[in-house]
Number of protein chains: 2
Amino acid sequence: MHNGVMQTSGTELVVVLEQLVTFIRQVSTAGDLSATASAALHRLGRDGALGVTELAQAQRASQPGMTQLVTRMEREGLVRRTAKTDDRRTVLVEATEAGLELLNRRRAERAEALQQTLDRLDPEDQAAIAAALPALARLVESRSSD
Amino acid sequence: MHNGVMQTSGTELVVVLEQLVTFIRQVSTAGDLSATASAALHRLGRDGALGVTELAQAQRASQPGMTQLVTRMEREGLVRRTAKTDDRRTVLVEATEAGLELLNRRRAERAEALQQTLDRLDPEDQAAIAAALPALARLVESRSSD
DNA sequence: CCATTATGCATAACATCCTTATGAATGCAC
DNA sequence: GTGCATTCATAAGGATGTTATGCATAATGG
């Protein structure tokens, strides 16, 4: 490549990401989750039990909306409400086994679809993407800690 | 780890993309578009005028749903309905200037937010991402032509 | 060339999922 | 304890999606 300045362009990255977003959105069909439901379940899978208000803020959703979403997901067996021992106002929400399994299934759907597309690329392109993965991981990492 | 080949992993890419997706979703606030509206407008901006049914299929939405969405976006001045000369059943939908401008504004929002995060990365990470951009562009390119 | 069938869009009725406003229970500060 | 803050739930309504259906136009086949 160049040895000069390799300017990383947010604009170019956004254009690519926009298309990957629609791609991913169309591929993940298992479980019939709304966007908010998917994101909330994802969060619970990563961070463990959270309060309803906490979860709502994390998803930029209203607290009543999150209460209702939790009720729906609870009815479908994806999450469980538990009491917080030291504060009886708080309701902790955690993913059930079925919820975690659904997450994995959806991720597998996406991964497989992506993999098929990756496999059709030139080896050099595949290598370039593979080489950028750690950097992209750090990008989202630095993002989530604000 | 256990082999020498630089294997591009769909699974790892999906994990990173999932987080970038939520990031982007939270950043794009201009115009207050639904996910479907954003995707449809994006499509119109890229591919020009399309029929309502065509547009619905592209977004995996129902045709009546797309009719209603087009009606709403038309009311907001984002798209325009025009007649197709050689088939009077078909209604062609195209983005207006205001629609295209809104697309650009949303993209700029996303790009700026991403850029700020990119700027905080190590130069090597920035370079790795920049180097992977053409490959990622080809990835989505090969995707959209199916 | 006319009857039949297919296609494309719109409308109606309804479901889902979000919002704001508000209430009830619990915790905290004084 | 009284008053205020916090947390979740409920109620009511709005936005946005769905399926079922109708109407206009086009294509097809005797």
Side-chain angles (χ1 to χ4, degrees), chain A residues 22 25-26 28-44 47-94 99 102, chain B residues 22 25-26 28-44 47-94 99 102:
Chain A
T22 57
R25 241 172 46 94
Q26 291 174 349
S28 312
T29 59
D32 198 35
L33 296 180
S34 75
T36 310
S38 170
L41 192 54
H42 193 265
R43 178 86 180 210
L44 291 175
D47 296 351
L50 291 173
V52 171
T53 298
E54 225 171 347
L55 196 52
Q57 287 169 349
Q59 305 311 133
R60 264 81 163 163
S62 67
Q63 172 268 311
M66 188 52 69
T67 288
Q68 292 171 341
L69 176 59
V70 166
T71 301
R72 288 196 300 275
M73 292 200 295
E74 191 176 34
R75 189 160 51 228
E76 290 167 20
L78 302 176
V79 302
R80 181 173 30 237
R81 275 186 237 245
T82 64
K84 189 172 185 182
T85 53
D86 59 337
D87 185 344
R88 288 190 298 177
R89 293 171 303 181
T90 302
V91 170
L92 288 178
V93 184
E94 61 182 345
L102 177 57
Chain B
T22 54
R25 250 173 39 97
Q26 291 175 349
S28 311
T29 57
D32 198 35
L33 295 179
S34 75
T36 309
S38 170
L41 193 53
H42 193 265
R43 178 86 181 209
L44 291 175
D47 296 352
L50 290 174
V52 170
T53 299
E54 225 172 346
L55 196 52
Q57 287 169 348
Q59 305 309 134
R60 263 81 164 165
S62 66
Q63 172 267 311
M66 188 52 68
T67 288
Q68 293 172 338
L69 176 59
V70 167
T71 300
R72 287 195 301 274
M73 292 200 294
E74 191 176 33
R75 189 161 48 228
E76 291 167 17
L78 302 176
V79 302
R80 179 172 33 235
R81 276 185 236 245
T82 64
K84 189 173 185 182
T85 53
D86 59 335
D87 185 344
R88 288 191 298 177
R89 294 171 303 183
T90 301
V91 170
L92 288 179
V93 184
E94 61 183 347
L102 177 57

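Letters A, B, ... are given to chains in the order of the sequence lines, protein chains preceding strands, and every chain is numbered from 1.
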Pairwise distance [atom1]([X]) to [atom2]([Y]) - rounded to 0.5 angstrom:
X	Y	atom1	atom2	result
Leu102(B)	His42(B)	CG	NE2	12.0 Å
Leu41(A)	Thr36(A)	CG	OG1	12.0 Å
Met73(A)	Ser38(A)	CE	OG	9.5 Å
Glu54(A)	Gln59(A)	CD	CD	11.5 Å
Leu50(B)	Lys84(B)	CG	NZ	10.0 Å

Rounded distance (Å) that lies between atom [atom2] of [N] and atom [atom1] of [X]:
X	N	atom1	atom2	result
Lys84(B)	dA26(D)	NZ	P	11 Å
Asp32(B)	dT16(D)	CG	C1'	12 Å
Leu92(B)	dG8(C)	CG	P	12 Å
Asp87(B)	dA27(D)	CG	P	6 Å
Leu33(A)	dG17(D)	CG	P	18 Å

Subject >> Those residues of residues 64-79 of chain A lying under 4.0 Å from DNA chain C by at least one heavy atom >> reply: Pro64(A), Gly65(A), Gln68(A), Arg72(A)

Original post:
For residues 51-59 of chain B, which residues have at least one heavy atom under 4.0 Å from DNA chain C?
Top reply: Gly51(B), Val52(B), Thr53(B)

**OP:** Would you indicate what Ala37(B) reaches in the nucleic acid, counting non-hydrogen atoms under 4.0 angstrom: base, sugar-phosphate, or nothing?
**Re:** nothing

Original post:
Contact class for Ser62(B) (heavy atom, under 4.0 Å): base, sugar-phosphate, or nothing?
Top reply: base

**OP:** Would you tell me if any nitrogen or oxygen in the side chain of Arg60(A) comes within less than 4.0 Å of OP1 or OP2 on dC18(C)?
**Re:** no

Original post:
Taking only side-chain nitrogens and oxygens of Thr36(A), does any of them come within less than 4.0 Å of OP1 or OP2 of dC17(C)?
Top reply: no

Original post:
Nearest to the side chain of Gln63(B) - dA9(D), dA10(C), dC18(C)?
Top reply: dA10(C)

**OP:** Among the candidates dC17(C), dA10(C), dT25(D), find the nucleotide nearest to the side-chain atoms of Ser34(A).
**Re:** dC17(C)

**OP:** Apply the test side-chain contact (heavy atoms from CB on, under 4.5 Å) to residues Leu44(A) and Leu78(A): give CA-CA distance (whole Å), side-chain angles for both, the deciding distance (0.1 Å), then the verdict.
**Re:** CA-CA 10 Å; Leu44(A) 291 175; Leu78(A) 302 176; over 6 Å; no

Which pair of heavy atoms, one from [X] and one from [Y], lies closest together, and at what distance?
X	Y	value
Leu55(B)	Ala40(B)	CD1-O, 4.2 Å
Thr90(A)	Gly51(A)	CG2-CA, 4.4 Å
Ala56(A)	Ser62(A)	CB-O, 3.7 Å

**OP:** Would you kindly compare Arg88(A) and Val91(B) by the position of their nearest DNA chain C nucleotide and give the one closer to the 5′ end?
**Re:** Val91(B)

Subject >> Working for side-chain contact (heavy atoms from CB on, under 4.5 Å), residues Thr82(A) and Glu94(A) >> reply: CA-CA 8 Å; Thr82(A) 64; Glu94(A) 61 182 345; 3.4 Å; yes

**OP:** Go through the steps for Gln63(A) and Thr67(A) under the test side chain to side chain donor-acceptor pair (under 3.5 Å), then give the verdict.
**Re:** CA-CA 6 Å; Gln63(A) 172 268 311; Thr67(A) 288; 3.0 Å; yes

Set out, line by line, the N/O atom pairs under 3.5 Å between protein and nucleotides 4-6 of chain C.
none

Original post:
Looking just at side-chain N and O atoms, do Arg81(A) and Thr71(A) make a donor-acceptor pair shorter than 3.5 Å?
Top reply: yes

